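None of these values were measured; they are calculated from a predicted model.
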Amino acid sequence: MQPNQGRIHTGEWRGVAISFVYFFCVLAAYYVIRPVREQLSAAVGSTQLPWFYAATFVATLVLTPVFAAMASRWPRRVLVPVVYVFFIACLLAFIPAFTNVGLLSPRMLGMVFFVWVSVFNLIVVSVFWIFMSDIWSLEQSKRLFPIIAVAGTLGALAGPTLTRSLVNVIGVAPLLLVSASLLGIATVCVVLLGRWARVHGARRHEAGHEDAVGGGMWDGLKQIFADPFIRGMAVLLLLADGIGTVNYALMIDYSGATFADAAARTRFHADVDLVANLLTVVVQIAVTRWLLPRKGPGLVIMLWALVSIAVLLVVVFSADPHAPMFNLPLLLGPVAPTVLALIVSRGLAYGMAEPARHSLYTRVPRNVRYKGQDAVDTAVWRFGDVAIATGMNGLKAVGMSIGGFAGLSALAAFAAAGIGWRLWKRVETVGEATASRR
């Protein structure tokens, strides 16, 4: 085999290996504590989600310009580790709240923890993908992002597996320490990967390839309205949110109506995460790893959207969306159409759409990668959650059925297919123009 044949080229192996461990630990850290958040949501029902999402949106709206200000002033080697150390400290600070019942009321703890975990997920994952798009080129991203994404899925499998195994043995509070330890390993990977990129990274010859990006703290939010590419990416994410948030709310209602106690709900949500993540890794290995380098992100996003439409139509035409369709005896047991829709759409979103979407950012300037990308992946995403959850409450008040919500999500998926294709063509045009100038 020649040096530049195969999926991973000579000189890339160490960087890919560190990226692999890095993403594994980031997602495992999140998924260890995610089922705790989910059972708190199910306990209060989906009608309370707009309040949770609104608080999360406010938090991300505050933190987005803070991150942009840090990116303006701090070089990459300082910025990324500081973000992860901050979240490790927060995880450790939550432990007394879970062990000392008198510190916070159950409702207040549920609200604060839901918001914090939601912010945690958005920022640590967003920073990971920003880092990836900052050290790999577009050509490398199409080859390597599907492989690196598998690591995240394996971490997302390991996280709920750890929770299922440990929650009845060590309780909830020690799970936060497990999550903090995994995030600590991810921080070490950040340092090692930064050192590798300075010597071997594809962008190491670019001027200021890891310096502070400059600019102002409001650049990211401004780019959403001023930059056509970032604006398109924001619309694409809002449409994807129209699938994910609706399916999540429908599953929350199913969980609250089906399971009576917190332990059963926690186990159910851990099982859902496990099955969805198993689907993700199968899709990444069998489809995305082959399709993304050959056909590009546009077709991958379109395929994700079309399959999501198909599974949402199952919910639309079900006589009872909460009635079991079939059984998965070793994990979930009975699977209702609403649960099936969430598992399939989430599995394909992370298995196909996310690697494809993030590969598009490799063509844009660093200021856009660090600020516009972060604003889309945090503030825009949580704005979508608030708007969609609030809209669902309003539509429930006028009698919209579960099938009606699934139909609206199917329309969002159809629109996302077209937007994703147009964004890819735009990136291709920019790449061809850049190559011609060179």
- Name of the residue among Phe131, Trp196, Tyr361 meeting ring pair (Phe, Tyr, Trp, His ring centres under 6.0 Å) with Trp136: Trp196
- Message: Suppose we call two aromatic rings close when their centres sit under 6.0 Å apart. Are Phe87 and Tyr30 close by that rule?
- Response: no
- Query: Just wondering, are more than 12 heavy atoms of other shown residues or ligands nearer than 6.0 Å to CZ in Phe20?
  - Reply: yes
- Item | Whether over 12 other heavy atoms sit under 6.0 Å from Arg231 CZ | yes
[X] side chain to [Y] main-chain N or O, any donor-acceptor pair under 3.5 Å?
X: Ser359; Y: Ser141; answer: no
X: Ser133; Y: Thr362; answer: no
X: Thr245; Y: Gly242; answer: no
X: Thr64; Y: Leu61; answer: no

Do you know which two heavy atoms are closest between [X] and [Y], and how far apart they sit?
X: Thr258; Y: Tyr254; result: OG1-O, 2.7 Å
X: Gln284; Y: Pro146; result: CB-O, 4.4 Å
X: Pro355; Y: Phe145; result: O-CD2, 4.0 Å
X: Gly232; Y: Ile419; result: O-CG2, 3.8 Å

- Task: Indicate yes or no: at least one non-hydrogen side-chain atom of Met251 is less than 4.5 angstrom from one of Phe268.
- Result: yes
Nearest 0.5 angstrom please: [X] [atom1] to [Y] [atom2], how far?
X: Leu154; Y: Cys25; atom1: CG; atom2: SG; value: 11.5 Å
X: Asn277; Y: Leu157; atom1: CG; atom2: CG; value: 5.0 Å
X: Ile343; Y: Leu348; atom1: CD1; atom2: CG; value: 12.5 Å

- Item | Cationic N near anionic O, under 4.0 Å, Lys371 to Asp227 | no
- Taking only residues two or more places apart in sequence, or in another chain, which ones meet Phe23 in a ring-ring contact (aromatic ring centres under 6.0 Å, His included)? Phe128, Trp129
